[in-house]
Number of protein chains: 2
Amino acid sequence: MTNSKNDYFCFVISRNDLVTMQTKRKYYTAEQEKLARYAKALSHPVRVFVMDFLANNLDKCCYSGDMAEELPIARSTLSEHLKELKKAGLIQGEINPPYIKYCINREKWDEASKLLGVFFDR
Amino acid sequence: MTNSKNDYFCFVISRNDLVTMQTKRKYYTAEQEKLARYAKALSHPVRVFVMDFLANNLDKCCYSGDMAEELPIARSTLSEHLKELKKAGLIQGEINPPYIKYCINREKWDEASKLLGVFFDR
DNA sequence: TTAGTATTTCGTCTTAATACGAAATATTGA
DNA sequence: TCAATATTTCGTATTAAGACGAAATACTAA
């Protein structure tokens, strides 16, 4: 019997293991993945601007419109950037229609800060 | 005379000002842009892995192949990620054919560290 | 000079990001 | 109830990112 790429095999496997096999093996740590996610959230100047804006403003919260006035981009575009930051957890929006008040999510902000601090501090 | 979007105008303008007008107006600061660039460089887990790898290894430098062995991705893909990190300035490659020894670019690393430190420290 | 080696570049494909305007949403105040 | 308002979602388009294998590169050692 020869070995060939066209040989057939039969075996039993759990659904979970099958999913694991089919899914790309994870070769990086959870920390590395988390850091990459925070970095991605901050990988666009508009989003850095927004975080700066929220961090600097008096009451540390503000409306989408306040930021829209400072930026020469469509309001819908800003909205998508806000969505990205929300997805990453860095901000949260308190709905107060027709306004939405955005704030920094302190918990996640601190987590990102710590992760990056440890990463760079060596 | 009426105002219409189809009115014509004639004016003199320097080449520099023309370029400025044609280019998108910059509404974020140089610092914000720089931070976004570093963040983008770190926005993929493979690139975070690479920086960790370089920072942890004994002599603090290593070959592309050393990292390729740890990662289940094509060597050409790793090479593109290394190119991204080089473009951002975070690493530098000392050519020593057929090997290329990669090291962290301390100067840029420290700059990124400081930028992010200031950004998060509030 | 030639073969071997580590790495990169190139061509190609697929998916994700970014941007806009129009339309939808959800509330307040008339 | 209806209009006004701030914001988001949707549809669509364009550009960028990420992945791979094949081929190119540039050097060493035979």
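Every chain is numbered from 1 and lettered A, B, ... according to where its sequence line falls, protein lines coming before strand lines. Bear in mind the structure is a predicted one, so any value in this text is a computation, not a measurement.
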Acceptor/donor pairs from residues 114-122 of chain A side chains to any protein atom, 3.5 angstrom cut, sequence neighbours excluded:
from, atom 1, to, atom 2, distance (Å)
A:R122, NE, A:F119, O, 3.0
A:R122, NH1, B:D52, OD1, 3.4
A:R122, NH2, B:D52, OD1, 2.3

Think [X] has a side-chain N or O under 4.0 angstrom from the OP1 or OP2 of [N]?
| X | N | value |
| --- | --- | --- |
| B:R75 | D:dA19 | no |
| B:S64 | C:dA6 | no |
| A:K83 | D:dT7 | no |
| A:S79 | D:dT8 | yes |

| Is the side chain of B:D110 donor-acceptor paired with the backbone N or O of B:E107 at a distance under 3.5 Å, no angle test? | no
| query | Does any N or O in the side chain of B:N105 come within less than 3.5 Å of the main-chain N or O of B:G89, such that one atom is a donor and the other an acceptor? | reply | yes
| said: What's the closest nucleotide to the side chain of B:L82 if the choices are C:dT8, D:dT8, D:dC20? | reply: C:dT8
| said: Both A:E80 and B:H81 contact DNA chain D. Taking the nearest nucleotide for each, which residue is further toward the 5' end? | reply: A:E80
For [X] and [N], what is the distance between atoms [atom1] and [atom2] respectively, to the nearest whole Å?
| X | N | atom1 | atom2 | result |
| --- | --- | --- | --- | --- |
| B:L85 | D:dG18 | CG | C1' | 14 Å |
| A:Q92 | D:dT7 | CD | C1' | 18 Å |
| A:E84 | D:dA16 | CD | P | 18 Å |
| B:E69 | C:dA6 | CD | C1' | 12 Å |
| A:Y63 | D:dT5 | OH | P | 17 Å |
| A:L71 | C:dC20 | CG | P | 11 Å |
| A:R47 | C:dA17 | CZ | P | 9 Å |
| A:K86 | D:dT9 | NZ | P | 6 Å |

| field | CD1 on A:I91 to OH on A:Y102, rounded to 0.5 Å | value | 6.0 Å
| Any donor-acceptor pair under 3.5 Å between the side chain of B:S76 and the base of D:dG21? | yes
Do any side-chain atoms of residues 34-41 of chain B form donor-acceptor pairs under 3.5 angstrom with protein atoms, and if so which ones, sequence neighbours left out?
from, atom 1, to, atom 2, distance (Å)
B:K34, NZ, B:E111, OE2, 3.1
B:Y38, OH, B:E111, OE1, 2.4

